[in-house]
Amino acid sequence: MDFEPPFQGACKSFLQNTTKINKHPEVEECELPVIDLSHLNFDPMNREKCINEIAEAASQWGFFQVVNHGISQEVLNSIKDEQKKVFHQPYTKKIAQSFLNLSPNSYRWGNPQATCLRQFSWSEAFHISMADIPSMNEHKSLRSTIEAFVKNVSDLAKSLAEILAQPLGIESSYFKENCPPRTSFLRLNRYSPCPFSSQVLGLCSHTDTAFLTIVHQDEVHGLELFHGGRWIGVKPNPEALVVNIGDLFEALSNGIYKSIKHRVVTNQEVERFSVAYFYCPSFDAVIQSRSTTDPAVYKRFTLREFKHQTQRDVEELGEKVGLSRFSFDRK
Ligand SMILES: C=C1C[C@]23C[C@@]1(O)CC[C@H]2[C@@]12CC[C@H](O)[C@@](C)(C(=O)O1)[C@H]2[C@@H]3C(=O)O
Ligand SMILES: O=C(O)CCC(=O)C(=O)O
Ligand SMILES: [Fe+2]
């Protein structure tokens, strides 16, 4: 059987191997907390209530949805159309570095370092650093759509981060100082239909390395999060964007906000697209709890140290270990 996209090394041999991972059990779908951001513009009482809802969701779920987020449906639809066009190009074209004029290794299919099926991701992605967008000259409509999306989503990410910082007593200038416009990045995801959907994940279980991530998912089910000891499916809501706390906010908040494991399951028939904006600081930003009352849960680290550790873990173990590497409790 020929596979589109092509498999190199790892996945091919995992699939030929008779050892199977457990079939993903049917999961329940949930309505994540939905927060109406228009309440932030109402009277102070409504605003306060909305801020509390956001902080509550970040600590109870690590995930929530936002509506009236300020990004038009037109921009969201056009990013999906543009995504479709680039992903539907032949693999050999996408893998060529000159394709979108991005930095090396921006396009990836699966994760070649996976050591077993559980770690494999049946998906392809473009990582687009903000610094690379101006060079996407040959794909003008993709570039202008991405610019329109980024203009809106970066403001939204900053506002949400500032709101989340308030109850922690973190000064509102923190994000302005630590997250210059070029340090965040976009990940365009495509999950192609998978003939082995009961065995292979679209994106293996992970937490995000960011302060927070904003995801626009299409109407195809796939995103699941680990909550209350089980996997729960996030029902696609076309009006909403999904927001999740990343590792950096969990550390900064001294574990109050939770960076939750999530994954994407595959589907046999239909392809699925999503776009994720990872709100990140500069590499040398120091991530450290500001709590004056509770002992620090995590050691102080820079994003550079965190990324190097993740890279080492992915190379040696096939997956990211994440924040527990920096925990004071680590045995
Ligand atoms: C193999 C891996 C790469 C990844 C960490 C992981 O163990 C599994 C998911 C990957 C992911 C997906 C979202 C983000 O793009 C990312 C930076 C993250 O935090 O988890 C990547 C990781 C990566 O590319 O290093
Ligand atoms: O595709 C999705 O819904 C989520 C993607 C994701 O978790 C990621 O890109 O980190
Ligand atoms: Fe993620």
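Since the structure is predicted, the reported quantities are computational estimates derived from the model, not experimental observations. Every number for a ligand or one of its atoms is a count from 1 in the order of the listing.
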query = Quick one: which of Met136, Lys94, Glu138 gives a side-chain contact (heavy atoms from CB on, under 4.5 Å) with Phe99?
reply =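 Only match with Phe99 under side-chain contact (heavy atoms from CB on, under 4.5 Å): Lys94.
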Which part of [X] is near ligand 1, with near meaning a heavy atom under 4.0 Å away: side chain, backbone, both or neither?
X      : result
Cys204 : side chain
His127 : side chain
Arg108 : side chain

Could you tell me the residue and atom name of the protein heavy atom closest to [atom], and the distance to it rounded to 0.1 Å?
atom                    : result
atom 10 (O) of ligand 2 : His206 NE2, 3.1 Å
atom 9 (O) of ligand 2  : Asn189 ND2, 3.1 Å
atom 8 (C) of ligand 2  : Leu203 CD2, 3.6 Å
atom 20 (O) of ligand 1 : His206 CD2, 3.5 Å

key: Protein N/O/S count near the Fe ion (ligand 3) (criterion: distance under 2.8 Å)   =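 Excluding waters, the total comes to 3.
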inquiry  = Testing Tyr191, Trp122, Phe126 one by one against Trp109 for a ring pair (Phe, Tyr, Trp, His ring centres under 6.0 Å), which residue passes?
reply    =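 When ring pair (Phe, Tyr, Trp, His ring centres under 6.0 Å) is applied between Trp109 and each of Tyr191, Trp122, Phe126, only Trp122 qualifies.
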query = Relative to atom 15 (O) of ligand 1, which among Lys307, Gln119, His262, Arg187 owns the nearest non-hydrogen atom?
reply =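 It is Arg187 whose heavy atom sits nearest to atom 15 (O) of ligand 1.
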inquiry  = Geometry only, no angles: is Ser274 polar-contacting ligand 2 at N/O separations under 3.5 Å?
reply    =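 Ser274 vs ligand 2: N/O contact under 3.5 Å present.
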request  = Say whether Arg272 and ligand 2 are in contact under the criterion: heavy-atom distance to a ligand atom below 4.0 Å.
outcome  =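 A heavy atom of Arg272 does come that close to ligand 2.
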query = So is Thr209 polar-close to ligand 1, meaning N/O to N/O under 3.5 Å?
reply =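 Indeed, backbone or side chain, Thr209 has an N or O that close.
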task = Indicate yes or no: does an N/O atom of Lys320 lie under 3.5 Å from an N/O atom of ligand 1?
result =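 Such a contact does occur with ligand 1.
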